[in-house]
Amino acid sequence: MATRTRFAPSPTGPLHIGGLRTALFCFLHARNNRGDFILRIEDTDQKRFVPGAEEYILESLSWCGITPDEGPSFGGDFGPYRQSERSALYKPYVEQLLRDGHAYYAFDTSDELTTWRRSMQKQGNASPKYSASTRAYLKNSLSLSAQEVEERIQRGDDYVVRFKTPMAGEVRFYDEIRGWIVFQCHELDDKVLMKSDGLPTYHLANVVDDHLMEITDVIRGEEWLPSTPLHVQLYEALGWTMPNFAHLPLILKPDGKGKLSKRDGDRLGFPVFPIDWYNPKDSKELIAGGYKERGFEAPAIVNFLALLGWNPGNNQEIFSLEDLIETFSLERVNKSGAKFDYQKACWFNSEYLNHYTSQEKVSTILELFPIAKGRSENDLEFVFNLASERIQFKHEIKDTIAYLFEKPGILEDKGVKKAWKTEKVAHLEDCMQRIQIANTEFSAPGLETMIKQYIEEKSISFGQLLPPLRLSLTGTLKGPSIFDIMSFLGLPECLERVELAKKNYTSKTI
RNA sequence: GGCCCCUUCGUCUAUCGGCUAGGACGCCAGGUUUUCAUCCUGGAAAGAGGGGUUCGAUUCCCCUAGGGGCUACCA
């Protein structure tokens, strides 16, 4: 049977980075097996629905190149792919479970149950369960007379349908990542399958949909492990074949306690969302920043996320999405949670920046410096390379080498104090004149030779000549090779800048 | 509290009984460089503890400890 995986987020807010990784792993597993990856929107909780969240999920996946084969706005033979549009579908299965004695009606209101739980807690029961041992004391079709049940339903009383967990026995299932897992039935509770609004809960909906959509592998976060025995029992009760289960380790906070949550972004100073998230009620209010807008390359994020919990078994660290599809396997997914390491994410980003193709380099520079239009592609790539080895993010290029395209204006104070000395400036002038007169090829190696000759002749050091030269050309004392910079600027521009610096700063010369 | 999952350098991880425990990020030192950065070389840094099984355990089993998840008419 062809592999089919699904990512089933609920549109209750922006997708966070852990969810994105889950989607990635689902996608990789499907593609690795030449199967299909399905996106399904689990919007059965009307109270928590957030407008714009679905679009956000779509955009995030698209940014990362995780393209669903089926899903809302992607089509497919197993739709609709929003659970809210499937609500009528679940009824027959609820009835089947009711008829076969696997489920029952329960009439307790939320308030009643809260009260009941509180009183049980007072008696020392830390987590009272609606279960085989307590259901007889609650209001349901198992404890009430058939007549009363009938009356209540006729009358229109609110009710939910609960799963009837067996009193004894055990539920076991095989997890692709963790191996066999066993739960005792008496530890389980009678989970709600259908809410009083007539919509299914996640538990029922995901089982029914996974079956109907012929999902072969259920890959989801570890937080679902405790409710998997319910799902397993549901498959059995409905007489369906079980999918494979794989529960992914969680992504943890870098500073210790607990899983990375949506709130952590502000506190820790790095994004926990793929892209910017704006207030659904006010599209101008940015609520949480994203990796994309922070300047991250999508392939870097994908690469980083893939290695958080998975590894190829060798020392390879750089993987394109295609590489990952090729190499990924659930067998090599780790069991334990992984702390999020923002620094490493930054490192991946700089790696990707340095592996840009020539074409990407050219268009990046063009985009950052419209004024560069007309320059040769070689020149533009050259500029990119000068900048890229001293930065981690694309947008940092601009500040780093803006002087290649415009005169520096003011020279940094510290540099002036340090390098702009009478004697040095005299040498600078002298040397520039020499270069001008020589009129040889204005290339980096040529310039280097010429300047070397000059300092040897004058018995001075690079340190006496180059800093003032750099300062006058770039306005700062740090940066790429000054010979590279000069060759890019060209002789006339170099002369002008030196002249300008002399004019503006000579008075400050000591 | 109960149930379930997990446990190798600070962090991400390799090791599927033979280990002088490997790699990466970060950190430190040295080299290259007019400078910053890159780059190169080197370094510090780990098997939670206790029992077993075994000729031999980081690797298998048990206990303890620690971490995490779940414990809703939310997903």
Side-chain angles (χ1 to χ4, degrees), chain A residues 8-12 42-45 47-48 106 108-110 113-114 117 121 124-130 158-162 175 177-178 181-184 186-189 191-197 199-203 205-206 220-229 247 249-250 252 254 256-259 304 307-318 331-332 334-348 350 354 385-391 400 415 418-419 451 455 461-471 474 476-483:
Chain A
S10 88
T12 53
E42 308 234 336
D43 54 352
T44 53
D45 186 354
K47 293 184 215 93
R48 294 206 307 156
D108 324 81
T109 64
S110 298
L113 283 177
T114 308
R117 285 200 181 91
Q121 278 161 352
N125 184 345
S127 58
K129 284 190 285 283
Y130 206 120
D158 271 359
Y159 66 85
V160 300
V161 174
R162 285 180 181 272
D175 185 276
I177 294 168
R178 289 149 213 282
I181 293 170
V182 186
F183 285 81
Q184 298 302 317
H186 70 263
E187 300 283 0
L188 272 21
D189 60 346
K191 281 271 184 314
V192 171
L193 263 20
M194 200 182 76
K195 297 175 282 186
S196 56
D197 63 5
L199 289 175
T201 59
Y202 168 83
H203 302 297
N206 104 85
R220 73 233 299 194
E222 191 185 337
E223 69 267 28
W224 293 109
L225 212 43
S227 54
T228 305
H247 290 91
L250 265 16
L252 275 15
K257 310 280 175 208
K259 65 172 171 178
F304 168 68
L307 266 325
L308 214 54
W310 172 85
N311 76 84
N314 56 37
N315 287 336
Q316 188 180 344
E317 295 231 71
I318 302 300
E331 274 174 49
R332 298 212 61 93
N334 270 71
K335 293 182 179 73
S336 51
K339 285 186 185 168
F340 193 89
D341 184 353
Y342 181 67
Q343 285 218 52
K344 192 139 189 182
C346 292
W347 176 77
F348 272 107
S350 63
N354 286 311
N385 290 337
L386 285 190
S388 70
E389 59 191 31
R390 57 208 75 226
I391 52 149
T400 312
K418 200 170 158 190
I451 289 177
I455 65 164
S461 68
F462 271 123
Q464 282 176 284
L465 181 59
L466 266 30
L469 175 58
R470 174 184 295 279
L471 187 68
T474 70
T476 167
L477 241 32
K478 55 191 181 184
S481 157
I482 193 63
F483 309 113

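Note on naming: letters A, B, ... go to the chains in the order of the sequence lines (proteins, then strands), and numbering restarts at 1 for each one. All heavy atoms count here, side chains included; hydrogens, waters and symmetry mates do not. Model, not experiment: these values are computed from the prediction.
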Have a look at Gly309(A) and say if it touches a base, only the backbone sugar-phosphate, or nothing, with a 4.0 Å heavy-atom cut-off.
-> sugar-phosphate
Asp108(A) and Tyr130(A): side chain donor to acceptor below 3.5 Å = yes
How long is the gap from CG on Leu308(A) to CG on Asp341(A), to the nearest 0.5 Å?
-> 8.5 Å
For U32(B), the Watson-Crick or wobble counterpart (both distances under 3.5 Å) | none
U11(B) to A46(B) separation - C1' atoms, rounded to the nearest Å = 12 Å
With distance as the sole criterion, is a donor-acceptor pair present between the side chains of His247(A) and Arg220(A) under 3.5 Å?
-> yes
The Watson-Crick or G-U wobble partner of C70(B), with both key distances under 3.5 Å, is G2(B)
What string of B, S and - do you get for nucleotides 19-41 of chain B 5' to 3' if you count protein non-hydrogen atoms under 4.0 Å?
-> ----SBSS-------BBBBS---
On a whole-Å scale, what distance lies between the C1' atoms belonging to A57(B) and C16(B)?
-> 14 Å
Separation between the C1' atoms of U71(B) and U13(B), rounded to whole Å | 32 Å
Nucleotide forming a Watson-Crick or wobble pair with U58(B), both distances under 3.5 Å = none
For U53(B), what is the paired nucleotide under Watson-Crick or G-U wobble rules, both distances under 3.5 Å?
-> none
Leu466(A) CG to Ile455(A) CD1 distance, which is reported to the nearest 0.5 Å = 7.5 Å
Rounded interatomic separation in angstrom, taking CG from Leu188(A) and C1' from C3(B) | 9 Å
Taking atom C1' in both A29(B) and A21(B), compute the distance separating them and give it to the nearest angstrom.
-> 24 Å
Would you kindly give the CH2-to-C1' distance between Trp310(A) and C12(B), to the nearest whole Å?
-> 13 Å
Between the main-chain N or O of Ser336(A) and the side-chain N or O of Asn334(A), is there a donor-acceptor pair closer than 3.5 Å?
-> no
Verify, without hydrogens or angle tests, whether Glu389(A) (side chain) and Ile391(A) (backbone) share a donor-acceptor contact under 3.5 angstrom.
-> no
Expressed as a whole number of Å, how far does the C1' atom of G47(B) sit from that of U20(B)?
-> 16 Å
Length of the line joining Asn311(A):CG and C12(B):P, which is rounded to integer Å = 13 Å
Is U20(B) paired to anything, Watson-Crick or G-U wobble with both distances less than 3.5 Å, and if yes, which nucleotide?
-> none
Starting at the 5' end of nucleotides 64-75 of chain B, put B wherever the base has a protein heavy atom under 4.0 Å, S where only the sugar-phosphate does, and a dash everywhere else.
-> ---SSSSB-BBB
At what distance, to the nearest 0.5 angstrom, does NZ of Lys191(A) lie from OH of Tyr202(A)?
-> 12.5 Å
To the nearest angstrom, the NZ-C1' distance between Lys339(A) and C12(B) comes to 11 Å
Are Glu222(A) and Lys259(A) within salt-bridge range, i.e. N to O under 4.0 Å?
-> no
Across all strands shown, which nucleotide pairs with U38(B) by Watson-Crick or G-U wobble geometry, both distances under 3.5 Å?
-> none
Are Tyr342(A) and Trp347(A) close enough that their ring centres sit under 6.0 Å apart?
-> no
Which whole number of Å gives the distance between the C1' atom of G23(B) and that of U8(B)?
-> 13 Å
Figure out the CG/P separation between Asn334(A) and U11(B), and round it to whole Å.
-> 14 Å
Touch class at under 4.0 angstrom, heavy-atom based, for Phe348(A) against every strand present = nothing
In chain order, what residues pass the side chain to side chain contact (heavy atoms under 4.5 Å, CB included) check against Asn354(A), with sequence neighbours excluded?
-> Ser388(A)
Applying the 3.5 Å cut-off to both distances, the Watson-Crick or G-U partner of C25(B) turns out to be G10(B)
C1' atoms of A72(B) and U15(B), separation to the nearest Å = 43 Å
Using atom CZ of Phe183(A) as one end and atom P of C3(B) as the other, report the distance to the nearest whole Å.
-> 11 Å
Over all heavy atoms of both residues, which pair between Val192(A) and His203(A) is shortest? Give the atoms and the distance, please.
-> O-CD2, 4.3 Å
Whole-Å C1' distance, C36(B) and G42(B) | 23 Å
